[in-house]
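Only one structure is covered here, and it is reproduced in the block below.
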Amino acid sequence: FNDGFGGGNFLQGNLIFNVVRETWDHGPFNSWDREIFYFKDSFGNFSIEPEYSHLDSNFMINRNFGTGHSNSDKLIDHDDGSSGYIDTNNVLIYGGIKNRDGNRRHSSNNLIVYADTFNTSFGILQPYLLGPMGAHVHSHYTRKTDSFCNNTIVSYSGEFISVKDGAWFAGDIFPEMMNNQYFTPQNASLPFLVPGYNKKIQSLEEWQKDGHDQGSTIRSDITNKDVLAKARQKLGLP
């Protein structure tokens, strides 16, 4: 999506895989934004704030069938000030979501599966990248104008969130996070790790006591069959 310009774009109902074969440091979906634009919005008004773009009901796989993986370390890469994105009802396999700089990125009702099966130059991938990881949200210098709510995240390692330059992430800088469902398959110890955070987090309870992810839960009773059923339901498949 390059700089996104005035926003108002839709990426919906696509199957995306076997991409990012020769380059690196971007995802199958990649956006960036560094400039302010003065444009006429869909209501005919002049504005410098882009309309929301929507990523909805896409099935994205961060792996190809030739080499076994791609060079990407995330699936939805809102990089370099990308602003004004709503990511909903997407099924993301072997990768997660990254939000760097920017604002007004809202991720909800997504299914993020096994992002932590890749070990990249950043480390293990997380689903919500506030840095570079597996059920990662990568929120790099973001604020509460972003949100990550009502998502389902499956991670073997329990590294669900990654924080880059953790010293910056204090108080209101974190996105609004709530009502997410976290799963650690067949791992009853229910690890919940946040690499890069300014204190050691080892459980969802500790994370919630620090003011994040209220209403969220963590369980271990999920199988690959359950994951497939959730993916079919999310994408409206029989």
Side-chain angles (χ1 to χ4, degrees), residues 1-12 25-43 45-56 58 73-90 92 95-110 112 122 126-133 135-151 153 160-180 194 196-198 207 210-216:
F1 274 33
N2 294 324
D3 56 27
F5 187 50
N9 304 291
F10 287 83
L11 183 71
Q12 186 173 38
D25 193 27
H26 61 94
F29 175 86
N30 191 81
S31 61
W32 54 267
D33 189 6
R34 299 183 181 88
E35 303 295 335
I36 294 176
F37 296 96
Y38 188 58
F39 68 101
K40 186 177 288 188
D41 65 21
S42 57
F43 299 99
N45 301 312
F46 284 99
S47 175
I48 61 172
E49 182 173 282
E51 297 181 6
Y52 278 104
S53 290
H54 297 259
L55 278 66
D56 179 71
N58 298 289
D73 58 1
K74 72 283 294 180
L75 277 166
I76 295 177
D77 186 356
H78 297 310
D79 205 1
D80 293 335
S82 297
S83 299
Y85 283 89
I86 297 178
D87 307 326
T88 54
N89 302 310
N90 299 289
L92 308 179
I97 299 169
K98 167 187 166 185
N99 293 332
R100 178 185 171 115
D101 308 314
N103 55 65
R104 298 166 61 242
R105 282 79 53 95
H106 303 290
S107 303
S108 63
N109 298 308
N110 299 289
I112 306 174
F122 285 118
Q126 288 82 29
Y128 190 48
L129 253 148
L130 291 149
M133 291 211 132
H136 291 178
V137 174
H138 176 55
S139 289
H140 185 45
Y141 311 146
T142 188
R143 299 186 183 274
K144 281 198 184 301
T145 55
D146 290 353
S147 65
F148 186 73
C149 305
N150 300 301
N151 299 286
I153 307 100
F160 288 106
I161 300 160
S162 174
V163 180
K164 185 173 183 180
D165 298 337
W168 289 89
F169 288 91
D172 67 347
I173 296 182
F174 265 88
E176 188 71 41
M177 301 178 69
M178 63 176 62
N179 300 328
N180 295 298
V194 186
Y197 191 49
N198 55 21
W207 182 238
D210 223 40
H212 309 292
D213 253 318
Q214 303 307 309
S216 296

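Owing to the predicted nature of the structure, the values given are computational and were not obtained by experimental measurement. Residue numbers run from 1 in the order of the sequence given.
- Of the inter-residue distances, the one linking N90 atom CG with L55 atom CG reads 6.0 Å to the nearest 0.5 angstrom.
- One finds the CG atom of D213 at 9.0 Å from the CE atom of M178 (value rounded to the nearest 0.5 Å).
- Under a 3.5 Å cut-off, the side chain of N180 and the backbone N or O of F148 do form a donor-acceptor pair.
- The side-chain hydrogen bond (donor to acceptor under 3.5 Å, both in side chains) test applied to N179 returns no partner, not counting sequence neighbours.
- In terms of heavy-atom proximity, R104 sits nearest to D146 at N-OD1, 3.0 Å.
- A search for side-chain contact (heavy atoms from CB on, under 4.5 Å) contacts involving D210 returns Y197, K199, H212, not counting sequence neighbours.
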* What do the steps show when you test N110 against D87 for side-chain hydrogen bond (donor to acceptor under 3.5 Å, both in side chains), and what is the final call? -> CA-CA 8 Å; N110 299 289; D87 307 326; 5.9 Å; no

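- Not counting sequence neighbours, the partners of S31 by the side-chain hydrogen bond (donor to acceptor under 3.5 Å, both in side chains) test are H78, S82.
- For the side chain to side chain donor-acceptor pair (under 3.5 Å) test with N89, the passing option among N109, D56, N58 is D56; the others fail.
- Residues that satisfy the side-chain contact (heavy atoms from CB on, under 4.5 Å) test with F43, not counting sequence neighbours, are D41, N45.
- Under the 4.0 Å criterion applied to side-chain N and carboxylate O atoms, K98 and D79 are assigned as salt-bridge partners.
- Residues passing the side-chain contact (heavy atoms from CB on, under 4.5 Å) test with S83, sequence neighbours excluded: N103.
- Remark: N30 pairs with no residue by the side-chain hydrogen bond (donor to acceptor under 3.5 Å, both in side chains) rule, at least two apart or across chains.
- Screening N151, I153, I112 against L92 for a side chain to side chain contact (heavy atoms under 4.5 Å, CB included) leaves a single residue, I112.
- In this structure, the side-chain contact (heavy atoms from CB on, under 4.5 Å) partners of N9, at least two apart in sequence or on a different chain, are F1, S53.
- Residue R105 comes nearest to G84 through the heavy atom pair CD-N, 4.3 Å, listed as atom of the first residue, atom of the second, then distance.
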